[in-house]
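By convention in this document, chain letters (A, B, ...) are assigned in the order of the sequence lines, proteins followed by strands, and residues within each chain are numbered from 1.
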Protein chains: 2
Amino acid sequence: MSFSITEENYIKAIFHLQQEDGTVSTNDLSAVLQTKPASVTDMLKKLKTKKLLSYERYKGVRLSAEGRRLALGIVRKHRLWEYFLFNTLQFGWDEVHEIAEELEHVTSKKLVEKLDAFLGYPRFDPHGDPIPDSHGKMTVRQQLNLIDLPVNKMAEVSGVGSQSSELLELLKHRNISMGTKLEVKRRFSFDHSLEIRIKGQQPFIISQQLAQALFVKLV
Amino acid sequence: MSFSITEENYIKAIFHLQQEDGTVSTNDLSAVLQTKPASVTDMLKKLKTKKLLSYERYKGVRLSAEGRRLALGIVRKHRLWEYFLFNTLQFGWDEVHEIAEELEHVTSKKLVEKLDAFLGYPRFDPHGDPIPDSHGKMTVRQQLNLIDLPVNKMAEVSGVGSQSSELLELLKHRNISMGTKLEVKRRFSFDHSLEIRIKGQQPFIISQQLAQALFVKLV
DNA sequence: GAAAAAATTTAGATTTGTCTAAAAATATTT
DNA sequence: AAATATTTTTAGACAAATCTAAATTTTTTC
Ligand SMILES: [Mn+2]
Ligand SMILES: [Mn+2]
Ligand SMILES: [Mn+2]
Ligand SMILES: [Mn+2]
């Protein structure tokens, strides 16, 4: 069976929302996909008949095993293309997501496998998110929210919590990117801001919001 | 203004048919695009209102300057992706066209330019067809149909007249590919077959049909 | 230059994915 | 537990791209 780009976008959105919530509501989907709730309801009925998810009126939705498999395939393509755009074509962090949003729908299975091989079977995309392998398995990275990093422990930036261009703009300005080594020097309880020091630079202060959007792993 | 994948496929098909004919008929388009003539008529009316072509009932169709510009952009993307698939990802000759048929619709302008730079600004795709540059200009290669190559003149394969998998299968079997150096040793008027010799191999005979599907340039 | 054949267009219907407005179900307050 | 608010679904409509069947125009044949 094959699926339209629209159907694929729904399945991927449900997959991501499910990570947080378990079951996914019509309104959440409508917000993420920028469509009206009525349209979401129609599509859910359709995807149910295609056995990609379980759905009962007013009860929310969950992917079936088949739906999950499909979602993982799309996420795999999305993240592999992001890796390609960032590492091979030198795109910026903030530019890759939007383009991958289209590339993820290219259907050739063989293309995905060849691209994966060409890139050297990368395990994480430019935002630090894991890339599912051809069986849908992904490495779970034990990463820590920067806000929880103990003082004076050296750590390395390994992920971001959002791909908004606003966040990525700030990170560029602050000179923080994937792999940046840093430690927390001090915590200010007034506004929960943090003083951090990037290896080899002067310390500076970042907001609570920024710290919550960054993930690190100890080194 | 932006265009749907369907609209882009129509514009590209008209562009290719125009190369041969000048003006393009509804039936020709319907054959190439595998749709009914009635559907083609509907789309032509629509593309006319978008100023991509000139069209009058029963008179056939021609791209406008704007339509031509769009077509060249799509052809550029198609052939760059084919080059990428063939040279970077090691796909076979016969596999790249179908995949490029999808990739050509990815919208990012910056992606095309970065891809072009990464590939080293190639001028010909894996089938020997010229790749338009970012201004829509393409190198016209002075190539010769193999059927017209004089006897005992060394030449190099530079293009194929079709991308059917049947042709490409035969070429693979016969060990002929882009850049193969060969000469015509003899011509048989009975069936217009040719005896050719690939540099460093024993001579063998190819059919008229095959010779007509191959383009060469003198070396 | 009619008549017949072929090409093309029109009319009306269908599928997909969307929308608005209104109704129904569920959740939250008081 | 009623009243109110929120969420979700239904009903009916619409644009895009397609189709079939019938009508029209152009081209070819006699
Ligand atoms: Mn997408
Ligand atoms: Mn990502
Ligand atoms: Mn295409
Ligand atoms: Mn080609």
Side-chain angles (χ1 to χ4, degrees), chain A residues 1-15 17-18 20-63 67 70-71 74 101-102 104-105 107, chain B residues 1-15 17-18 20-63 67 70-71 74 101-102 104-105 107:
Chain A
M1 189 171 277
S2 92
F3 306 99
S4 72
I5 290 175
T6 307
E7 289 170 333
E8 290 193 350
N9 283 333
Y10 270 89
I11 292 296
K12 195 179 62 152
I14 295 165
F15 176 81
L17 288 170
Q18 217 172 257
E20 294 154 13
D21 290 5
T23 119
V24 177
S25 76
T26 301
N27 266 12
D28 287 354
L29 268 170
S30 126
V32 169
L33 294 167
Q34 308 261 63
T35 54
K36 301 293 159 179
S39 310
V40 172
T41 300
D42 288 344
M43 182 57 83
L44 292 182
K45 286 184 198 163
K46 187 178 162 201
L47 294 175
K48 183 185 182 176
T49 73
K50 292 199 172 192
K51 315 246 189 200
L52 293 174
L53 43 80
S54 59
Y55 163 70
E56 275 181 278
R57 288 162 62 250
Y58 297 102
K59 300 288 189 193
V61 77
R62 256 173 192 289
L63 292 185
L70 177 59
I74 303 164
E101 204 53 51
E102 293 181 52
E104 70 189 357
H105 304 290
T107 52
Chain B
M1 188 170 280
S2 92
F3 306 98
S4 72
I5 291 176
T6 307
E7 289 170 334
E8 290 192 351
N9 284 333
Y10 270 88
I11 291 296
K12 194 180 63 153
I14 295 166
F15 176 81
L17 287 170
Q18 218 173 257
E20 295 155 12
D21 290 4
T23 119
V24 177
S25 75
T26 301
N27 266 12
D28 286 354
L29 268 171
S30 127
V32 168
L33 293 168
Q34 308 261 64
T35 54
K36 301 293 160 180
S39 310
V40 173
T41 300
D42 287 345
M43 181 57 83
L44 292 182
K45 286 184 197 162
K46 188 179 162 199
L47 294 176
K48 183 184 182 177
T49 73
K50 293 198 172 192
K51 315 245 188 199
L52 294 174
L53 43 80
S54 59
Y55 163 70
E56 275 181 279
R57 287 158 67 249
Y58 297 102
K59 299 290 189 191
V61 77
R62 256 172 192 291
L63 291 186
L70 177 60
I74 303 165
E101 205 53 51
E102 293 181 51
E104 71 189 355
H105 303 291
T107 52

**OP:** If a pair satisfies side-chain hydrogen bond (donor to acceptor under 3.5 Å, both in side chains) and one of its residues is in residues 28-40 of chain A, list it, with sequence neighbours excluded.
**Re:** A:S25-A:D28
Subject >> Whole-Å distance separating the OH atom of B:Y55 from the C1' atom of C:dA7 >> reply: 11 Å
**OP:** Check DNA chain D against residues 5-15 of chain A and give the residues with a non-hydrogen atom under 4.0 Å, in numerical order.
**Re:** none
**OP:** Nearest 0.5 Å please: distance from the CD1 atom of B:I14 over to the CG atom of B:L52.
**Re:** 8.5 Å
Original post:
Between A:M43 (CE) and C:dT15 (C1'), how many Å, whole number?
Top reply: 12 Å
Original post:
With a 4.5 Å heavy-atom cut-off, do B:F15 and B:L63 have their side chains touching?
Top reply: yes
Original post:
Can you find a heavy atom in the side chain of B:E102 that is under 4.5 Å from one in the side chain of B:I5?
Top reply: no
Subject >> Phosphate contact (C:dT8 OP1 or OP2) by B:N27 side-chain N/O below 4.0 Å >> reply: yes
**OP:** For B:L33 and C:dT8, give me the distance from atom CG to atom P, rounded to whole Å.
**Re:** 14 Å
Original post:
Within this structure, what is the CG-to-P distance between B:D42 and C:dG12, rounded to whole angstrom?
Top reply: 14 Å
**OP:** Specify the separation, in whole Å, of atom CG of A:L47 and atom P of C:dT16.
**Re:** 12 Å
Original post:
With respect to the phosphate group of D:dT10, does any side-chain polar atom (N or O) of A:K45 fall under 4.0 Å of OP1 or OP2?
Top reply: yes
**OP:** Could you check whether A:T26 gets within reach of a base, just the sugar-phosphate, or nothing at all, counting any heavy atom under 4.0 Å?
**Re:** sugar-phosphate
**OP:** Look at the side chain of A:E8 and the backbone N and O of A:I74, then say whether any donor-acceptor pair between them is shorter than 3.5 Å.
**Re:** no
Original post:
Phosphate oxygens OP1/OP2 of C:dT16: is one of them under 4.0 Å from a side-chain N or O of A:S4?
Top reply: no
Subject >> Min side-chain heavy-atom separation B:L47-B:Y55 under 4.5 Å >> reply: no
**OP:** Round to a whole Å and report the spacing from CG of A:L44 to P of C:dT18.
**Re:** 12 Å
**OP:** Go through the steps for A:E7 and A:K12 under the test salt bridge (charged side-chain N to carboxylate O under 4.0 Å, His left out), then give the verdict.
**Re:** CA-CA 9 Å; A:E7 289 170 333; A:K12 195 179 62 152; over 6 Å; no
Original post:
Rounded to the nearest Å, what distance is computed from the CG atom of residue A:D28 to the P atom of nucleotide D:dT6?
Top reply: 16 Å
Subject >> Heavy-atom donor-acceptor pair, B:Q18 side chain to B:V24 backbone, under 3.5 Å >> reply: no
Subject >> Spacing between A:L29 atom CG and D:dT9 atom C1', to the nearest angstrom >> reply: 15 Å
Subject >> Sequence-aligned protein contact record of nucleotides 20-29 of chain D, with B where the base is within under 4.0 Å of a protein heavy atom and S where only the sugar-phosphate is >> reply: B---BSS---
Original post:
With side chains defined as the heavy atoms from C-beta onward, is the minimum distance between A:T23 and A:V61 less than 4.5 Å?
Top reply: no
